[in-house]
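Per chain, numbering begins at 1; letters A, B, ... match sequence-line order. Because the structure is a prediction, the values reported are computed rather than measured.
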Amino acid sequence: MSVFGLNDVSVRFGGRRRSVEALRGVDLVIEEHERWGIVGESGSGKTTLLKLLAGLEAPTSGSLTFFDAALDLRRRETMAKLRSSVQMVFQDPRGSLDPRMTIADIVAEPLRSPLLRGRGDVPRDRAARVDEVLEAVGLDRSAKSLYPHEFSGGQRQRIALARALAPRPKILLADEPVSALDVSVRAHVLNLVNDLVDSMGLTLVMVTHDLAVVRHTCDHVGVLRHGQLVEVGATGEVMDHPRQAYTKELINAVARLDV
Amino acid sequence: MALLRAATRRVVIFLVTVLVASAVIFGIVQALPGDVALATLGMGASPESVDALRVQWGLDRPLALRYLEWVVGMVHGDFGASYLTGQSVVSQIGPPLAVTAWLVGLSMPLSLLAALPLGLVGAMGRRRWFGVSVNAATHVGLAIPVFFVGAILTIIFAVKLRWVRANGYVPLTTSPGEWAIRLVLPVASIVIVQACFLARYVRAGFIDVLTEDYYRTARAVGWTRWRGLWRHGIRNVATSVVTVIGLQLASLLVGAILVEQTFAMPGLGSLLVQAVRRRDLMVVQGVGMLLVAAVLTVNFLVDLAYLAIDPRLKRGGRS
Amino acid sequence: MSVLRVRDLTVSFGRRHLVAVDQVSLDIEPGQRLGLVGASGSGKTVLASTIIGLLPDNAHVDGSVTFDGQELTTLPDREFSAIRGKDLTMVFQEPMTALDPTMRVGRQAAELVALHSESSQGTTRQLVVDVFDRVGLDQASRIVDAYPHELSGGQRQRVIIAMALINRPSLVICDEPTTALDATVQAKVLRLLDEELASVDAACLFISHDLGLVASLCSDVAVIHAGRIVERGRTEQVFHHPSHPYTAGLVATASIDKVRPGERLPVIEDFFDPSTVDSAPPSESTNRPHRRIRRSR
Amino acid sequence: MKKLTVIIGLVCSGLVVVAALVSLVWTPFDPRKVDGPARFAPPGWPHVLGTDAFGIDTASRLLVGAQTTLLVGVVAVALAAVIGVPLGVFVGMGHRIAGEVVARASDILFALPALLLAILLAAALGASVTTAAVAIGIATIPVFQRMARAATLTVMSQDYILAAQVSGIPGGVIAIRHVLPNITPVLGVQAAASFSMAILAEAGLSYLGLSAPQSTPTWGRMLHDANLYAAPIQAVIPGVAIAVAVLGFNLLGDGVRDYLDPRMKELR
């Protein structure tokens, strides 16, 4: 069963006069347990694509399915299913945690969603679940009563991951999860994401500009340029035998350490 | 083309705003409970005489009709006539308007002139004694009511030193010397408070520039502190000061109303206060409308000026 | 003689004297390119700001910085300003905000030439167009009349590089000059920087967290950690045979492409045991490796 | 430096509050008792701050005047905040048409300075402290509305709002759980500043004789009644009192803001 299906999807912003086309005729099928890396530069529409999958944006034209059922932002049943099984982590761990909430409250927030009530396997004991996920991301329990500003960037990204995992999602969306982090911290967070996706059997869709990260973490890759999906395929295939000149350019632009 | 469309849009919005403002003023003055006729004649008046007065003033007719008459009249330059004296409002407004216009017209540029250096020094020296003391001074200046400044100036220069006379007003055409002497203290009072008010905006504007990356670029490129701040800061400050000019006019008018009281000047403020005391509603309404329209017009002009100045609006930028 | 000579430089901030740069010494020879690598908060940007004399008011500086034999740490602002933008220039990280939004970019560049010379306005414009042309700005004669917001990030960074090179400086400090740019643009801008530095024969202090960039541009490299330089040497020597464990960790974490997909990535702590391990409970409210020192006043 | 600002602010505003509280239970003399022979007494004993043209004890009037000052400030700011903040949050969280309407309405109210609105209301309803406080409060609504809207927009652009939306948290809950707590500090600063403005406006109104009746002592009225030629000190005393109150609340707001401004925090 495919998790997401995009058929000729376009997204346009703005009024009639000055409209910007963020996505143009995108076709994409994401199967369960796949790990997708969506690569693109600024303005390529990669964040819009992610918001589309998160149900925060609707296609202007084309169709979008979720578990083979059409996704309609206005229909409560389909949205409830989406909201209870999709979670997201963001680029800047500073802005993704409410500075006025304790870590325990932040991590527990998805569990308090009214859309979760219909689902069977919702963790009952919130406090216990918070402890569980904090441990899973390698944070001490003493963190619960602290506030976000008391943590470093890498630690905050762990907290964001804990929050995303709390309601036992099936799909994890990640928007440049490591690009705001130092190289040394990046490895920690990537290892963690890999472990968690493995152990929880998640479907991963990660948006990034960094091909090295995609090569390491993802089994499928899609290259976005000016809102169009110019190349799609298995990661190894695309990286070793890129068919598009643009993909080649992207691969060559990565500065390597070999002197 | 886009510019023309934007300008048209603003003109329409401006006209609608003025119209709504007139409705608000009319509503406040005429539609609120409280019977003017009764208030004028006193509680002991007979109902018949009150009714007669209402008919005489036209208060028995529907509100909407009276509002329409008032607005249409104003479009033709007729602000109606006073209920009490029957005198036309326009003829009453004329002479005081000149007094207030002089007060405001002189105070505005002078306060700006004083605020610029104060703000610049306050921003540059914000961690040194000179900046801190300038900042403290503007803080204090902002806290002192304008009529108290007027009172202090009167005590010093009119009562103790006897340099000037702090009372009344003489038209420029009658005697330029007397005109100037009577205006010195009122204008000074307003300027002192207004300069402090503006200096804080100027200072904030310059401090913004100090934290901008492009100021750092200017420094890295070889500008000294002060010259770099002036060169790359003055435009930023000008925009932020222009933004508050509408706001400033509002507070200048308030300052004028109060200062006219202190120095017994026959300006719009005195006219307004006197009309309120006598419950001469047509005059209150007319003067109120005039003041609000002035503020709205200045805001509108500032808006248009932006359209002409800002390169980002002009060319429809990319970011 | 070295273009730049830094000796025992210590920079601290505020009343608590939090140390950002700790007893740093380094030299840059004429035409030499030195890469300075370190994590965020390691003090690399503070070091750059100290050299060019643009530290905030609450900084305390100890030690010496000499440029072309002239001591900079005690130089009055007026005299320092005569050097800045002429012999000693800087390229900043954020092209989007580094230019005055209210001024045409050509004028900003021309101003910089006029500031340091007696040349007339007419010849200056031609000079600016030429330099814009050389940094790869298509239609340079049109771009000089553009406002910053009308240019893309890559174009703005080219303008900034042009401004940094227009007076033929002897040292250019580049603080993460391509970090804010897209990968493909980054590669082009880097190539440009490489060529242009060579053509005016300027020395360069290239600050970056990206070892790959440093490897491709710099002959020498210094590694900074918690305000201290832990290792310095020829680039291939340092990156291939790091002697300090921190450097070894940095090199290992930067080489994701050497790890088989799906396998665990090496982390710094495999090599080096810093006081701030990422998963430990927070010790202080800041992730900056600050340290208190005695009051030097 | 920052600390000094807050301390001065606290002391000045504290003085006003203490004066108002004391006057509730005790004043040296009856602040309404006319005493002809004692008119224009210079400061001394038993009239510590002297007497006015009617021989009323200035110190007593000053203390009681603090009540009106604070009352008008509290009523005006509370009114403006209660109406302006929800409006600003609502507009800031989305609705474009409502946003346009509210913005235009704000523009009109903005062109009506508090003092002018109060004068107009006084013309219609008669002068009183209540009219003054309500008028000043209404005139202050757009300030709170704009401030709340701007702060809400900043909060809404943060990723933690997206995170909540992804989890299906409804808008109303987001407003209360995320938006309000994060905009409160900004609003606190605004409240202090608006409090000062309200005090100034009320002082101006009573100076014009359009606020409290003659029998209620207010600082503006005292200044109005003072004879600058016969006893200038009687003008200086209430004037200083107004300035101290305004300065106090202004500094308090500024001090709080400096503590909250992340840029200031970095530089400290």
Q: Taking the side chain as every heavy atom from C-beta outward, state whether Q261(B) and Y207(D) have any pair of such atoms under 4.5 Å apart.
A: yes
Q: So, for T68(D) and T216(D), which heavy atoms are closest and what is the spacing to 0.1 Å?
A: OG1-CG2, 4.2 Å
Q: Sort L249(B) into side chain, backbone, both or neither according to what part of it lies under 4.5 angstrom from a heavy atom of chain D.
A: neither
Q: Any idea which of G220(D), A123(D), A127(D) has the most non-hydrogen atom pairs under 4.5 angstrom with chain B?
A: A123(D)
Q: How far apart are the C-alpha atoms of Q285(B) and W70(B), what are their side-chain angles, what is the distance that settles it, and do they pass the side chain to side chain contact (heavy atoms under 4.5 Å, CB included) test?
A: CA-CA 10 Å; Q285(B) 204 169 289; W70(B) 183 56; 3.1 Å; yes
Q: Please flag which part of L228(D) lies under 4.5 Å from any non-hydrogen atom of chain B: side chain, backbone, both or neither.
A: both
Q: Considering only heavy atoms and a distance below 4.5 Å, find which of A21(B), A293(B), P145(B) pairs most often with chain D.
A: P145(B)
Q: Side chain from CB out, backbone as N, CA, C, O: work out which of these in L109(D) comes under 4.5 Å of a heavy atom of chain B, or both, or neither.
A: neither
Q: Pair N299(B), F14(B) - check side chain to side chain contact (heavy atoms under 4.5 Å, CB included), show working.
A: CA-CA 9 Å; N299(B) 277 334; F14(B) 167 68; over 6 Å; no
Q: Between L210(D), I8(D), I242(D), who has the most heavy-atom pairs with chain B when the cutoff is under 4.5 Å?
A: I242(D)
Q: Does F144(D) have R149(D) sitting over its ring (NZ/CZ under 6.0 Å from centre, angle to axis within 45°)?
A: no
Q: For T262(B), which atoms come within 4.5 Å of any heavy atom of chain D: side chain, backbone, both, or neither?
A: both
Q: Run the side chain to side chain contact (heavy atoms under 4.5 Å, CB included) test on R203(B) and R126(B) for me, step by step, so that the C-alpha distance in whole Å, both residues' side-chain angles and the decisive distance to 0.1 Å come before the verdict.
A: CA-CA 9 Å; R203(B) 175 175 179 269; R126(B) 68 198 195 286; 3.9 Å; yes
Q: Go through L115(D), L117(D), L251(D) and name the one with the most non-hydrogen pairs under 4.5 angstrom from chain B.
A: L115(D)
Q: Among I199(D), V236(D), N250(D), L112(D), which residue has the highest count of heavy-atom pairs closer than 4.5 Å to chain B?
A: V236(D)
Q: What part of T17(B) gets within 4.5 angstrom of chain D, counting heavy atoms only: side chain, backbone, both, or neither?
A: both
Q: Side chain, backbone, both or neither: which part of L258(B) has a non-hydrogen atom closer than 4.5 Å to chain D?
A: both
Q: Heavy-atom pairs under 4.5 Å with chain D - which of V254(B), I25(B), I144(B) has more of them than the others?
A: V254(B)
Q: For R104(D) and E100(D), what are the C-alpha separation, side-chain angles and deciding distance, and is it a salt bridge (charged side-chain N to carboxylate O under 4.0 Å, His left out)?
A: CA-CA 6 Å; R104(D) 292 293 143 249; E100(D) 192 67 14; 3.4 Å; yes
Q: Indicate the atoms forming the closest heavy-atom contact of A256(B) with T100(B), along with that distance.
A: CB-CG2, 4.1 Å
Q: In terms of heavy-atom proximity below 4.5 Å to chain B, should V240(D) be classed as side chain, backbone, both, or neither?
A: both
Q: As a quick check of understanding, evaluate side chain to side chain donor-acceptor pair (under 3.5 Å) for T58(D) and Q234(D), giving each step before the final call.
A: CA-CA 8 Å; T58(D) 301; Q234(D) 295 306 326; 2.6 Å; yes
